[in-house]
Amino acid sequence: QVQLVESGGGLVQPGGSLRLSCAASGRTVSTLAMAWFREAPGKERQFVAGLKKGMGTTYPADSAKGRFTVSRDNGKNAAYLQMNRLEPEDAAVYYCAATTSSPIVSSLPRASTWEYWGQGTQVTVSS
């Protein structure tokens with residue numbers, strides 16, 4: 001059983017940065033494909049970025065390219081989402097997800113691809 005715990009959310013001004021963390025237990029992160037999703041009030045859960053197991057190749061969504069970076073630290077058994085130049089539209093609850101399978105790239109954005117989910121961390125972007 002894999003457990004995921006997110007942290008690092010909070011209130012940030014437009015243009016600011018935050019780094020979200022996802023601490024994993026039950027499996028080492030190098031053996032998991034992982035992803036970040038977000039969900040704003042009244043909207044569907046949206047894929048932000050994915051990270052494949054093994055080599056850790058990353059796949060950011062178009063909305064994340066150039067601003068958000070997903071990474072992992074095998075020693076700390078954690079994944080991260082570095083978010084820069086945040087905009088009010090980025091405000092949402094951010095979720096970490098993982099799977100022991102090896103999903104194909106086209107399936108990364110689908111919530112059904114992911115077996116395990118964290119509880120979420122709130123990101124608020126406001127002046």
Side-chain angles (χ1 to χ4, degrees):
Q1 185 75 6
V2 175
Q3 293 185 327
L4 305 171
V5 179
E6 302 97 332
S7 61
L11 172 64
V12 63
Q13 292 186 342
S17 298
L18 277 177
R19 188 175 84 149
L20 306 183
S21 300
C22 174
S25 59
R27 290 283 291 259
T28 57
V29 293
S30 61
T31 67
L32 297 168
M34 302 186 75
W36 288 94
F37 283 75
R38 66 186 182 186
E39 188 171 331
K43 295 187 177 181
E44 292 186 354
R45 193 164 293 193
Q46 181 186 37
F47 173 76
V48 177
L51 189 151
K52 283 204 163 186
K53 64 169 69 173
M55 294 295 292
T57 307
T58 62
Y59 298 89
D62 287 344
S63 60
K65 288 178 181 176
R67 297 191 302 130
F68 295 0
T69 303
V70 61
S71 63
R72 74 177 186 221
D73 185 326
N74 294 339
K76 295 184 178 179
N77 212 40
Y80 304 95
L81 183 67
Q82 176 67 43
M83 304 187 294
N84 299 325
R85 303 199 309 275
L86 283 159
E87 303 168 352
E89 295 73 24
D90 296 317
V93 177
Y94 282 71
Y95 295 91
C96 177
T99 179
T100 56
S101 66
S102 298
I104 58 175
V105 174
S106 60
S107 70
L108 296 179
R110 294 199 292 264
S112 60
T113 295
W114 305 93
E115 299 173 76
Y116 305 102
W117 293 84
Q119 83 289 350
T121 186
Q122 177 72 51
V123 171
T124 303
V125 185
S126 175
S127 55

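Note: hydrogens, waters and symmetry copies are ignored here, and every other heavy atom, side chains too, is used.
- Among V70, T99, L4, the one residue that satisfies the side chain to side chain contact (heavy atoms under 4.5 Å, CB included) test with M34 is L4.
- Counting heavy atoms from C-beta on, the side chains of N74 and V29 come closer than 4.5 Å.
- Residues V12 and Y80 fall into different hydrophobic clusters, defined by Ile, Leu, Val, Met, Phe, Trp and Tyr side chains chained together at heavy-atom separations under 4.5 Å.
- Taking NZ of K52 as the reference point, atom OG of S30 lies at 15.5 Å (rounded to 0.5 Å).
- The line from CH2 of W36 to OG1 of T58 is 14.5 Å long, rounded to the nearest 0.5 Å.
- Atom-to-atom distance recorded for S63:OG and E89:CD is 11.0 Å, nearest 0.5 angstrom.
- E115 has its side chain out of reach of V2: every pair of non-hydrogen atoms, C-beta onward, lies at least 4.5 Å apart.
- Contact detail for P60 and K65: the closest heavy-atom pair is O-CE, 3.6 Å.
- Side chains of S71 and Q82: a donor-acceptor N/O pair is absent below 3.5 angstrom, by distance only.
- Taking CE from M83 and CZ from R67, the interatomic distance works out to 9.0 Å, rounded to the nearest 0.5 Å.
- Side chains of Y95 and E39 form a contact here, defined as non-hydrogen atoms less than 4.5 Å apart.
- T113 contributes a side-chain N or O that, together with a main-chain N or O of S107, makes up a donor-acceptor pair within less than 3.5 Å.
- Q119 places no side-chain N or O within donor-acceptor distance of the main-chain N or O of V5, the cut-off being under 3.5 Å.
- Distance check: S7 OG to R19 CZ gives 9.0 Å after rounding to the nearest 0.5 Å.
- A donor-acceptor pair shorter than 3.5 Å can be found between the side chains of S17 and N84.
- Between L51 and R72 the shortest heavy-atom distance is CD2-NH1, 3.3 Å.
- Under the 4.5 Å side-chain heavy-atom criterion for ILVMFWY residues, no single connected hydrophobic cluster contains both L108 and L81.
- Contact annotation: the side chain of L32 never approaches that of K53 to less than 4.5 Å [non-hydrogen atoms, C-beta and beyond].
- Inter-residue side-chain proximity for F37 and V93 is flagged as unmet; no heavy-atom pair is nearer than 4.5 Å.
- No donor-acceptor distance shorter than 3.5 angstrom exists from the side chain of E6 to the backbone of T121, with no hydrogens or angles considered.
- Here the closest non-hydrogen pair linking Y59 and V105 is CE2-CG2, 3.5 Å.
- Closest approach of W117 and W114 over heavy atoms only: NE1-O, 3.3 Å.
- No option in D90, L20, V123 other than D90 meets the side chain to side chain contact (heavy atoms under 4.5 Å, CB included) test with R38.
- Listed here is the closest heavy atom pair of A33 and S101: CB-O, 4.0 Å.
- Across every non-hydrogen atom of A78 and A23, the tightest pair is CB-CA, 4.3 Å.
- Note that the CD atom of Q1 and the OG atom of S25 stand 9.0 Å from one another [nearest 0.5 Å].
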